[in-house]
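One structure is given here, and the rest of the page talks about it.
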Amino acid sequence: MTKSNIIKKFKTTKEISISKNLVDQVIGQDESINIIKKAAKQRRNVLLIGEPGTGKSLTGQALAELLPKSELPDIISLDNPSDEHGPYIKSLPKGQGVITVNRFKLESMKQFKGQTIFFYILLLISLLSPWWVRKQYGDIMGAASLITSMMFVTIFILFMNLNKKMKKGIKIPKLLIDNSKKEKAPFIDATGSHAGALLGDVLHDPLQSGGLGTPAYERLVPGMIHKANKGVLFVDEIGNLTPTTQQELLTCMQEKKYSITGQSERSSGAMVRSEEVPTDFVLVAAGTLDTIKKMNPALRSRIRGYGYEVNMNSTMEDNPSNRFKIAKFVAQEVNKDNKIPHFTKSAVDQIIQEAKIRAGVSNKLTLKLRELGGLVRAAGDLAKEEKSKFVEPIHIKNAKKLARTLEQQIVDKYISNKKKYEVIVTKGNRVGRVNGLAVLGSDSYYSGLVLPIESEVTPGGKKAEFIATGKLGETAKEAVKNVSAIILKLFGEDIKEKYDIYIQFLQVASGGGVEGDSASIAVATAVLSALKGIPIRQDTAMTGSLSVRGEVLAIGGVTQKIEAAIQAGIKRVIIPNANKDDVLLSDSQKKKVDLIFVSSIEEVLKEAMDWKGKSNIFKKISFNS
């Protein structure tokens, strides 16, 4: 039976079998998994680069699961009689650490057994003697005897403790790493760890003199690099580690052993440096493309020279096999959560549709599954609240409203307020004013919004100047320059008349300004309208990048932008013809808006402007001159 048939057969995700092996639970990263299998077999380091939520952590855990079985040693620390600040380190076979420590404890108890009996006899005498003295000699002598007895007991306890510490008797080793109950190679997630937690530390001892202090070997604290010995050390956003910590991490990778020392110069632990502790781990470093810029070049070279660099997929092809993988992902999330009901086939289809939308491009499914998993859990919560046996499509629809992103909530308030104060206009015609479309959000999910753009033309100085306001980002500023080149080419004769052209992006919802070049065709339309006094239809919104030759280029987040236009009450949306296959709207949404696909600025102007009485100007527009 093929996978394409399997997806048609199941009725609920309860019927989908989930593998217990983590490597089989990684969705859509087939190439990465093939590399991970090789890396695990040969114990190679791996650098995983990809967008958040694409499965980097799960891939690292899968590598740990695939590592060949090896003996996990126990590590103990012992006192160094010749140098108390240089504790000995000893590696023992698995399970022997606990046995060794218990043996030393037993011998120590035997040594002090006689002293303990003698102590209790004296304690008993000192407690009973005041009553005998009181009976024989009266209350005053009894009180004095009681005070003397208490002083004796206190002094004796101090003497016994001091004697234990100063005596060259049996010193019980400290168990640093206990692998007695571990059957699999350790997976240690060191993401966000400070130097002490990662590299190990030595506790500060305020009682460093007089024999009352704690021996150095007892104050050793192993780091995550030591706990990951014979396993996997996972560090996400590895570029966030300080340069010094990255250098130390490189050292322990090269030497496969690393001493434990105090990390704070102000601590007494800084004087302690143990013998080297094994750190034979496989490093799985992860992050985004920006992480590479922050990495120590030598550390990255070590990974690349003795391992693999992997670029995680953010999308996969939209085909029956991969749709079933999304269904499998839903089943996995239900099993992991263990609190929500399973999904029906029709509910899974809704999740698949959402995966298509979030991919942002045609014929693709998103692999940014973390936030998609959030939608799964929100829908499951609603179904459980309603005591529904399974999650149905209506629960998915309601969950999208319930689990809106922060950006979506901001946009909803923005549109409501701007329509109230007529910042967003959806009726009539206006000169120099156009409804652009933009997106808010992270790389994992966008939320669209309507971005009004206005332009004004005034007499200028010696040279025509384009002045753009409204907190533009660098990419948006570049887009304005491209539009400037087109306007200069279109109306060279008017530029000689010394115009200054002002372009304003009305404040966006987040207050953070405008980034990206998808408003290029909107800017060009607004400027042309202001230059020639041609009104623009306000029931129309537009989005699209513009080349210096006037070609309308594809943009991202097209579905979310159209949804924002529909929400604002706009009836017509102009989008690049190149994005035609990227539009994923429901049937009900399609009935609310007319989509106009364009390939050039000429087509944009023809559809967006009211050319009554201005047709002679439109005929002059040409990009061939």
Side-chain angles (χ1 to χ4, degrees), residues 20-23 39-43 45 57-58 60-81 86-113 169-191 193 196-203 214-235 249 252-253 255-261 269 272-284:
K20 293 182 179 180
N21 298 325
L22 293 178
V23 69
K41 187 176 182 180
Q42 300 295 333
R43 296 187 61 83
N45 301 311
S57 177
L58 185 60
Q61 293 178 54
L63 191 151
E65 186 181 69
L66 292 170
L67 284 176
K69 287 188 177 181
S70 59
E71 285 298 323
L72 302 176
D74 292 342
I75 308 295
I76 61 172
S77 61
L78 303 102
D79 180 55
N80 182 351
Y88 291 136
I89 298 295
K90 190 172 183 179
S91 181
L92 299 172
K94 177 181 175 181
Q96 289 299 309
V98 174
I99 295 174
T100 301
V101 171
N102 289 338
R103 187 177 71 248
F104 272 85
K105 286 181 179 179
L106 186 60
E107 292 178 7
S108 178
M109 290 174 64
K110 289 179 180 178
Q111 177 179 341
F112 291 102
K113 185 177 180 180
I170 297 174
K171 292 192 175 181
I172 303 172
K174 180 178 180 179
L175 183 58
L176 297 179
I177 308 292
D178 180 14
N179 287 316
S180 59
K181 297 180 180 179
K182 293 181 181 178
E183 298 298 331
K184 297 181 179 179
F187 174 84
I188 304 297
D189 189 345
T191 302
S193 301
L198 181 64
L199 305 175
D201 205 349
V202 181
L203 299 178
T214 303
Y217 80 93
E218 290 186 7
R219 293 186 280 123
L220 297 183
V221 179
M224 293 183 177
I225 59 173
H226 307 112
K227 296 175 182 177
N229 184 46
K230 299 298 181 181
V232 170
L233 179 71
F234 178 79
V235 185
L249 183 60
C252 73
M253 289 172 63
E255 303 298 330
K256 297 189 183 301
K257 51 189 178 180
Y258 189 84
S259 298
I260 300 177
T261 186
V272 178
R273 188 176 187 85
S274 74
E275 287 187 329
E276 292 174 323
V277 183
T279 58
D280 185 12
F281 57 79
V282 172
L283 175 66
V284 178

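FYI, side chains are in, hydrogens and waters are out, and symmetry mates aren't considered; it's all heavy atoms of this structure. Since we're looking at a predicted model, the values are computed, not measured.
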Within-4.5 Å side-chain heavy-atom neighbours: [X] and [Y]:
X    : Y    : answer
V202 : V221 : no
D280 : R43  : yes
I75  : S91  : yes
N229 : I177 : no
L220 : I89  : yes
L249 : L233 : yes

query = In Å and rounded to the nearest 0.5 Å, what is the NZ to CG distance from K184 to L72?
reply =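 It comes to 12.5 Å.
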
task = Mark yes when over 12 heavy atoms from residues, nucleotides or ligands other than K257 sit less than 6.0 Å from its NZ; otherwise mark no.
result =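 No - once you tally the heavy atoms of other residues, nucleotides and ligands closer than 6.0 Å, there are 12 at most.
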
message = Is it the case that over 12 heavy atoms from other parts of the model lie below 6.0 angstrom from the NZ atom of K41?
response =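 Counting neighbours around NZ of K41, 12 or fewer heavy atoms of other residues, nucleotides or ligands fall under 6.0 Å, so no.
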
Which atoms form the tightest heavy-atom contact between [X] and [Y], and what is the distance?
X    : Y    : answer
D74  : N179 : OD1-N, 2.8 Å
Y88  : P81  : CE1-CD, 4.0 Å
V272 : T261 : O-OG1, 2.7 Å

Sidechain-backbone polar pair: [X] side chain, [Y] backbone, donor-acceptor under 3.5 Å:
X    : Y    : answer
H226 : Y258 : yes
Y217 : I172 : yes
K90  : L78  : no
K94  : K182 : yes
S274 : S259 : no
T279 : C252 : yes
K174 : E218 : yes
N21  : V23  : no

